[in-house]
Protein chains: 2
Amino acid sequence: MNLPPLAAIRVFEAAARHGSFTNAAEELGMTQAAVSYQIKLLEERIGASLFLRRPRQVILTEVGARLSPAISEAFDMIRAAIAATRENADGILTITTIPTFAANWLVPRLGSFQLAHPSLAVRLQATREVIDFARQDADIGIRSGGGNWPGMIAHKIFGADFTPMLSPVLAATIGGVNTPMDFLKLPIVDPSDPWWKIWFAAVGVADPELRGNPRGRFGDQHLEGKAVIAGQGVGILTPAFFETELKSGLLIQPFDIVGNDDHFYWLVYPEARRNVPKVRAFRDWLLEQLVDQ
Amino acid sequence: MNLPPLAAIRVFEAAARHGSFTNAAEELGMTQAAVSYQIKLLEERIGASLFLRRPRQVILTEVGARLSPAISEAFDMIRAAIAATRENADGILTITTIPTFAANWLVPRLGSFQLAHPSLAVRLQATREVIDFARQDADIGIRSGGGNWPGMIAHKIFGADFTPMLSPVLAATIGGVNTPMDFLKLPIVDPSDPWWKIWFAAVGVADPELRGNPRGRFGDQHLEGKAVIAGQGVGILTPAFFETELKSGLLIQPFDIVGNDDHFYWLVYPEARRNVPKVRAFRDWLLEQLVDQ
DNA sequence: GATCTCGCATAAGCTGTCCTTATGCATGCT
DNA sequence: AGCATGCATAAGGACAGCTTATGCGAGATC
C-alpha cells in the first residue's frame with residue numbers, strides 16, 4: 001500500500017495535537033500556509049476530510065479524530081526510539097587502537113577522560129589492523145602511519161620514534177652502557193626489528209652485529225617492553241610509551257638519540273562523524289592531553 | 001527534539017526488514033543508490049552506524065538492531081491506521097441533499113445503488129442549506145441552482161420544472177379540471193409560491209387570484225406533496241418527484257405545460273474529490289439512473 | 001587466473017516536493 | 001468602521017530526494 005507522504009502525516013499529527021494549523025506550524029518550524037497545504041494534500045490522498053474548517057479554527061472530523069491517536073502513538077514511538085538510540089549511541093564510545101598505544105599511553109590516562117565525561121562508556125578494540133569504519137563498528141581510532149587516509153580526519157599525536165632501552169640491572173652486568181657499541185655485548189630482544197638498523201645508522205654504526213635470536217618476536221611493542229623490563233635483553237622502544245617506567249627507574253634510556261622513519265601515531269575518524277558529540281569530546285580531550293605534556 | 005528526515009527513517013525501516021538495500025529500493029520504488037544515500041544521511045544524523053557493510057551485503061549493527069523493531073512497529077501502526085481510515089472513509093458515503101430530492105427521488109432508488117455497492121454505507125444529510133464542503137463533513141451533494149459553484153464539479157440531473165397537481169378526489173368536487181381557470185375555484189396549498197405566477201403566465205393568464213391562505217407554507221416540496229395527496233388543495237410540484245404518485249393515480253397532472261425559472265438539480269462534489277472511489281461510484285451510478293429514465 | 005556478477009558507495013546533476021511570500025476571506029473584538 | 005487573527009490559495013523558489021553513471025570488492029564461473 002502506498003503511504004501518503006510522511007511529511008504530510010507528520011504535519012497532520014502536529015495539527016491534530018494542537019488543534020491549530022498556526023501552532024503546529026510553529027512547532028514544526030514552517031509557515032501556516034505549509035501546514036494548510038500538507039493537510040489538504042493528505043486529505044486528497046486519504047480520500048476523506050480530516051478537519052472541518054471554521055473561521056480562525058479547525059476541528060477534527062470523525063475520521064480525523066479516529067486517525068489521530070494511532071498516528072500520534074506511532075510518532076511518539078519513533079521519537080522515543082530515535083532519542084534512545086542517540087542517547088545510547090552518544091553513551092558508548094568505541095575506540096579502535098593499536099594495542100601498545102592502549103596499554104602504555106591511553107589506558108593509564110583514560111581516568112581523566114572518564115572523570116570529564118561520566119556519561120560516556122569507553123569500549124576499546126585493541127587491534128593492529130587498520131579497520132574500515134564502514135565495516136566495523138567503531139567510532140574513532142588510533143593508527144600509525146603516514147596519516148593519509150581518504151575520507152578520514154587524522155590528528156597527529158606523536159612520532160613513532162624509537163631508541164634502545166634496557167633494565168638497569170642488565171646494564172650493570174657489563175659495567176653500564178657508555179657507548180652504542182656496548183649494546184653489541186648484550187642480548188637484543190628482537191634483533192630483526194628494522195628499527196635497530198635505522199638507529200645504529202643514526203649513531204654512525206653501519207651493519208651492527210646484534211646478539212640474540214633473530215627469529216624471536218613479540219609482535220606488539222608493549223609486550224617487548226615487558227620482556228625488557230624483565231631483563232631479558234635490550235629493546236628498541238618508543239619513549240612516549242615508557243615515560244612512567246623511565247621515570248621510575250624500571251628502564252633506562254642510555255642515549256637521547258632517537259630514530260624515526262616518518263611514522264606517526266594518529267587519532268582518526270571518518271569525516272562524516274566529525275560533528276558527533278562523543279567523537280568531538282574524545283578528540284578535544286586527547287589533543288588537550290598532548291598540549292599538557 | 002529534531003527528528004531526522006522521515007524519508008530516511010522510512011528507508012531504514014525497509015532496509016532493516018529486507019537486510020538488503022536493493023530489495024528495500026524495489027519495495028520503495030526508488031534506486032539502490034537512493035537507499036544507500038538515505039541510510040548514510042540517517043547515520044550521520046543519529047551519530048551511529050546502523051549497518052555494517054560487507055561486499056554485496058549489509059548487516060544491522062547492534063545500534064541498528066535495537067532501533068529497528070520500534071521503528072518497524074511504528075510504521076506498521078501508521079500503515080494500519082491509514083489503511084483503516086481509507087477503508088472506513090471509502091466505506092461511508094455522506095450525501096448532503098435537498099430533502100425533497102432525498103424523499104421523492106433518491107431514497108426510492110438507493111436500493112439499486114446499495115445492491116451494486118454493498119460495502120458502501122450511505123448517510124444522508126437532508127438539508128436545504130448550501131453547505132460548504134470544507135466546513136461540513138459530506139462527500140457529495142444534491143443542490144438546486146444555476147450550477148456554477150467555484151471549485152466544485154456539477155453534473156446536471158434534471159430541471160426544477162413545475163406544474164399544478166392535485167388529488168383526483170379534489171378535482172371531482174368541481175366536475176374535473178378542464179381549463180387552467182378551474183384552479184381558481186379550488187384551494188391552493190401555497191398560493192404565495194412564485195412558481196404559480198410563472199406557470200399562469202406560461203398559460204396566458206396574467207395576475208391570477210388564487211384561493212387559500214398566502215401565509216401557509218410547508219417549506220419543503222415533498223411535504224407540500226403530502227398535503228396535495230391528502231386533498232388539501234392544489235400544489236405546484238416538480239413532475240420528476242412524483243412519477244410514482246402520478247402513475248398510481250394518487251395525483252393527477254391536468255396539463256402538460258410546465259414552468260421553469262432556469263433552475264436545475266445538480267449532483268455536486270469538490271473538484272479535489274473527483275477521484276475518490278466512493279464519490280466516483282455514486283456519480284457513475286446516478287448518471288446511469290438518469291440515462292435509464 | 002581471467003572474467004563476470006552482484007550489491008553497496010559516491011559524485012554529479014536533475015526534478016518535483018515542500019516550502020515561502022503575498023494576499024484574500026470570514027469571524028470576533030474594540 | 002477598522003483591526004486582529006487564523007485558515008486558504010496561487011505563484012514561484014529552494015533544496016531534499018532522487019536518478020544516472022560508475023567504481024569497488026568479494027564470490028562465482030569458465
Side-chain angles (χ1 to χ4, degrees), chain A residues 2-12 14-16 18-45 49-61 64 130-136 149-152 270-273, chain B residues 2-12 14-16 18-45 49-61 64 130-136 150-152 270-272:
Chain A
N2 246 354
L3 274 180
L6 287 171
I9 298 175
R10 174 185 184 226
V11 167
F12 166 71
H18 285 280
S20 156
F21 288 6
T22 301
N23 290 349
E26 200 176 326
E27 174 186 299
L28 298 171
M30 59 178 67
T31 63
Q32 164 272 322
V35 171
S36 188
Y37 167 86
Q38 290 286 6
I39 297 299
K40 176 176 174 169
L41 188 62
L42 186 60
E43 284 172 334
E44 281 176 20
R45 295 291 289 270
S49 196
L50 298 171
F51 290 94
L52 292 177
R53 276 71 160 174
R54 295 185 54 77
R56 293 168 70 172
Q57 179 180 28
V58 291
I59 304 165
L60 279 168
T61 61
V130 174
I131 70 153
D132 181 341
F133 282 84
R135 297 156 185 267
Q136 298 199 35
W149 294 286
M152 309 289 282
E271 204 166 338
R273 297 188 208 176
Chain B
N2 246 354
L3 274 181
L6 287 170
I9 298 177
R10 173 184 184 228
V11 167
F12 165 70
H18 284 280
S20 157
F21 288 6
T22 301
N23 291 349
E26 200 174 328
E27 176 186 298
L28 297 170
M30 59 176 66
T31 63
Q32 165 273 321
V35 170
S36 187
Y37 167 85
Q38 290 286 6
I39 298 299
K40 175 176 175 169
L41 189 61
L42 187 59
E43 285 171 334
E44 282 175 18
R45 296 290 290 268
S49 197
L50 298 170
F51 290 94
L52 291 178
R53 275 72 161 172
R54 296 186 52 75
R56 293 169 71 170
Q57 178 180 25
V58 289
I59 303 164
L60 278 169
T61 60
V130 173
I131 69 154
D132 180 343
F133 283 84
R135 295 158 185 263
Q136 298 200 36
M152 308 289 283
E271 206 167 338

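What you see is a predicted model, and the numbers here were worked out from it, not measured in a lab. Convention: sequence-line order gives letters A, B, ...; per-chain numbering from 1.
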Item to complete: Nearest whole angstrom, please: distance from the P of D:dA4 to the CD of A:Q32.
Response: 18 Å

Fill in: Qualifying salt bridge (charged side-chain N to carboxylate O under 4.0 Å, His left out) pairs with a residue from residues 19-44 of chain A, counting only residues at least two apart or across chains
A:R17-A:E27, A:E43-A:R53

Practice prompt. Provide the closest heavy-atom pair for A:H18 versus A:A24 in the form atom of the first, atom of the second, distance.
Written response: CD2-CA, 3.8 Å

Item to complete: With the side chain of B:R53 defined as its heavy atoms from C-beta on, choose the nearest nucleotide among D:dC18, C:dA9, C:dC19.
Response: C:dA9

Discussion item. For D:dA8 and A:K40 - does any side-chain N or O of the residue sit under 4.0 Å from the phosphate oxygens OP1/OP2?
Written reply: no

Discussion item. Testing the basics here: between B:P5 and B:L41, what is the closest heavy-atom pair and its distance to 0.1 Å?
Written reply: CG-CD2, 4.2 Å

Practice prompt. Give the rounded distance in Å between these two atoms: CG of B:L6 and P of D:dC18.
Written response: 12 Å

Practice prompt. For B:L52 and C:dA9, give me the distance from atom CG to atom C1', rounded to whole Å.
Written response: 15 Å

Worksheet item: Between atom CG in A:L50 and atom C1' in D:dA8, what is the gap in whole Å?
Response: 16 Å

Worksheet item: Over how many whole Å does the gap from B:Y37 atom OH to C:dG13 atom P extend?
Response: 16 Å

Worksheet item: Do any of residues 18-30 of chain A sit with a heavy atom less than 4.0 Å from DNA chain D, and if so which?
Response: A:S20, A:F21, A:T22

Item to complete: Check whether any side-chain heavy atom of B:L42 lies under 4.5 Å from a side-chain heavy atom of B:V11, and answer yes or no.
Response: no

Worksheet item: Touch check for B:V35, heavy atoms < 4.0 angstrom, all strands: base, sugar-phosphate only, or nothing?
Response: nothing

Item to complete: Answer with base, sugar-phosphate or nothing: what part of the nucleic acid does A:A7 contact at a heavy-atom distance below 4.0 Å?
Response: sugar-phosphate

Discussion item. Under the rule for side chain to side chain contact (heavy atoms under 4.5 Å, CB included), what residues qualify as partners of A:A7, not counting sequence neighbours?
Written reply: A:Q38

Fill in: B:R56: side chain to side chain contact (heavy atoms under 4.5 Å, CB included) partners, not counting sequence neighbours
none

Practice prompt. Have a look at B:A33 and say if it touches a base, only the backbone sugar-phosphate, or nothing, with a 4.0 Å heavy-atom cut-off.
Written response: base

Fill in: Side-chain N,O (A:Q57) to OP1/OP2 (C:dT27) below 4.0 Å
no

Worksheet item: Which distance, rounded to the nearest 0.5 Å, do you find between the CD1 of A:I59 and the CG of A:L50?
Response: 14.0 Å

Worksheet entry | Value rounded to 0.5 Å, distance of CG in B:L52 from CD in B:Q57 | 10.0 Å

Discussion item. Rounded to whole Å, please give me the gap between CG in A:L42 and P in C:dC19.
Written reply: 13 Å

Worksheet entry | Any pair counted as salt bridge (charged side-chain N to carboxylate O under 4.0 Å, His left out), so long as it reaches residues 28-37 of chain B, sequence neighbours left out | none

Practice prompt. Return the value, rounded to whole Å, for the distance between atom CZ of B:F133 and atom C1' of D:dA8.
Written response: 18 Å

Worksheet item: Within this structure, what is the CD-to-P distance between A:Q38 and D:dT9, rounded to whole angstrom?
Response: 14 Å

Worksheet item: Reading nucleotides 23-30 of chain D 5' to 3', which nucleotides get B (base under 4.0 Å from a protein heavy atom), which S (sugar-phosphate only), which -?
Response: --BB----

Worksheet item: Between atom CZ of B:F51 and atom CG of B:L60, what is the distance when rounded to the nearest 0.5 Å?
Response: 4.5 Å

Worksheet entry | A:S36 vs D:dC7: side-chain N/O to OP1/OP2 distance below 4.0 Å | no

